[in-house]
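Protein chains get the first letters and strands the later ones, always in sequence-line order, with residue 1 at the start of each. Quantities reported herein were computed from a predicted structural model and do not represent experimental measurements.
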Protein chains: 2
Amino acid sequence: MTETGPAVLIVEDEPQMRRFLRAALGSHGFKLLEASTAREAVQLATSHNPELILLDLGLPDGDGIDLTRQLREWCTAPIIVISARGREEDKVQALDAGADDYLTKPFGTNELLARMRVSLRHAQQVGSSAASPILQVGELRIDLGRREVAVGDRQVRLTPIEYKLLVYLARNAGRVLTHRQILAEIWGSTHGVQAHHVRVHMAELRKRIEVDPAQPKLLLTEPGVGYRLRDRS
Amino acid sequence: MTETGPAVLIVEDEPQMRRFLRAALGSHGFKLLEASTAREAVQLATSHNPELILLDLGLPDGDGIDLTRQLREWCTAPIIVISARGREEDKVQALDAGADDYLTKPFGTNELLARMRVSLRHAQQVGSSAASPILQVGELRIDLGRREVAVGDRQVRLTPIEYKLLVYLARNAGRVLTHRQILAEIWGSTHGVQAHHVRVHMAELRKRIEVDPAQPKLLLTEPGVGYRLRDRS
DNA sequence: GCAGCGCGTCAAGAAGACGTCAAGACTGAC
DNA sequence: GTCAGTCTTGACGTCTTCTTGACGCGCTGC
């Protein structure tokens, strides 16, 4: 299984700079998300919850400083500002608005990567000491930080695929997820992988989290469509 | 003004620069500690446990990078490197050695202060767990200052890599660390180093800290993911 | 009734991950 | 130079997990 690195959101409107960043980061295993406007950036940050944000201050729609402030209201991912403006005041403003670092163009790939490592290091420490994020759906508790799953009081051990499946379902609790969506999320490209896989692993998952796997109360089948995790009893 | 602000350790040998920093920081309520050599820096850091360290790379006795690495063994206070060297490689080295930021001379007071605020903000989030030089996880005791490890009453001798591994695991006790994370933390950039290394050294570590290495109680394998140090029974 | 389809279950085997051992390379001390 | 301690690397057996195919059930349309 190829493990993908951290998801990084790039907020940058110049195509040239984006190409540069894509080249610099893509080869290091990062999963890239790209936005060229502030609006798009907020959308992507909300939907994908990236682990790090690279933000160019010069955006067409609105100030990058404001965007920083806006993101910081709910998003804890480190923000590294990239800017052509090298004035001290700009740096101070960005850092005080909530940015974690400030790089002035032009800069080298290696410095960028090193500063990203610093930020990711910080994020990890914060995550470990702060209360870890927990998904709770009815009886089900998923501690994402510790990678632990419990049903009621019972601790449950899951294989990597089962865990991925369950987290995906829990993140979309109540919503129906189609086979196609599940295949894309868990297996990535859907080449050669079939809906049958989903069924097999769902059965395994039911054995672990359901009281009676034959009468599922949590993991519901939506015939002809997909699966759904019940979010309220 | 009553000086009740955070304690900041300044490591700098040029008197002129020290005067500048003293002037820049003193008026902002920081409590200042000053060292002009690496040896002195370690002493002051140990005795006063400052909340932030400003470190000039060009010291008379020894490399600043080494000092950074040495401090990071047990000290979690943010380190901001100040240097006349602006070469990208220097920055990367310092940041990877454990520094949290890198400022190239000349720089403005306001930028320095802003970057210090960022670092202190981070340190605060990480929380009070930062201060203790001793890590305790169940039976396991790691004295970071003395670099000593004990399981129960039994003192344990570890090789450098084993020690690093154990400290990393203990700092994240309870949570699963992926192979990728472990490789990045212990070996730095993961080029050429494989998950196999982790397995070999984990086996060594188990031989030393487990009662029965074949039935690990502390150092648990999470198949397909990584390893975890048990923090509660 | 019965073929066609989607779904759940089971089991076998493949693939890959893991633990262990041991041989060499490398390092710093002497 | 030798020597001890450590790290890397490869080989190999074991175990877990994933894939894949077979089969039975229930539903639907004919």
TODO: Using ring pair (Phe, Tyr, Trp, His ring centres under 6.0 Å) as the criterion, list what pairs up with B/Tyr102, not counting sequence neighbours.
DONE: none

TODO: Pick out which of A/Leu158, A/Leu218, A/Ile161 makes a side-chain contact (heavy atoms from CB on, under 4.5 Å) with A/Leu166.
DONE: A/Leu158

Task: Given DNA chain D, 5'-ward residue of the pair B/Thr159 and B/His196, judged by closest heavy atom - done: B/Thr159

Minimum-distance nucleotide to [X] side chain [options: [options]]:
X	options	value
B/Arg157	D/dT8, D/dA22, D/dG5	D/dG5
B/Thr221	C/dT9, C/dG19, D/dC7	C/dG19
B/Tyr227	C/dG8, C/dC18, D/dC18	C/dC18
A/Ala214	C/dG19, D/dT19, C/dT9	C/dT9
B/Val200	C/dG19, D/dT9, C/dT9	D/dT9
A/His197	D/dT19, C/dC18, C/dT20	D/dT19

- [ ] Report yes if a side-chain nitrogen or oxygen of B/His179 is closer than 4.0 Å to either non-bridging phosphate oxygen (OP1 or OP2) of C/dC18; otherwise report no.
- [x] yes

Open item on the list: Side-chain N or O of A/His201 versus OP1/OP2 of D/dT17: is the shortest distance under 4.0 Å?
Closed with: no

Task: Five-pair end axes of the helix from C/dG1-D/dC30 to C/dC30-D/dG1 and the angle they enclose, rounded to 10° - done: 30°

Open item on the list: Under a 4.0 Å threshold between the charged nitrogen and the carboxylate oxygen, would B/Asp100 count as salt-bridged to B/Arg72?
Closed with: yes

Open item on the list: Within a 6.0 Å radius of atom CZ on B/Arg147, are there more than 12 heavy atoms belonging to other residues, nucleotides or ligands?
Closed with: yes

Task: Under the side-chain hydrogen bond (donor to acceptor under 3.5 Å, both in side chains) test, residues paired with B/Lys105 that sit two or more places apart - done: B/Asp56

Task: Parallel, tilted or perpendicular: ring planes of B/His122 versus A/His122, cut at 30 and 60 degrees - done: tilted

Task: Residue closer to the 5' end of DNA chain C, A/Pro223 versus B/Arg199 (nearest nucleotide) - done: A/Pro223

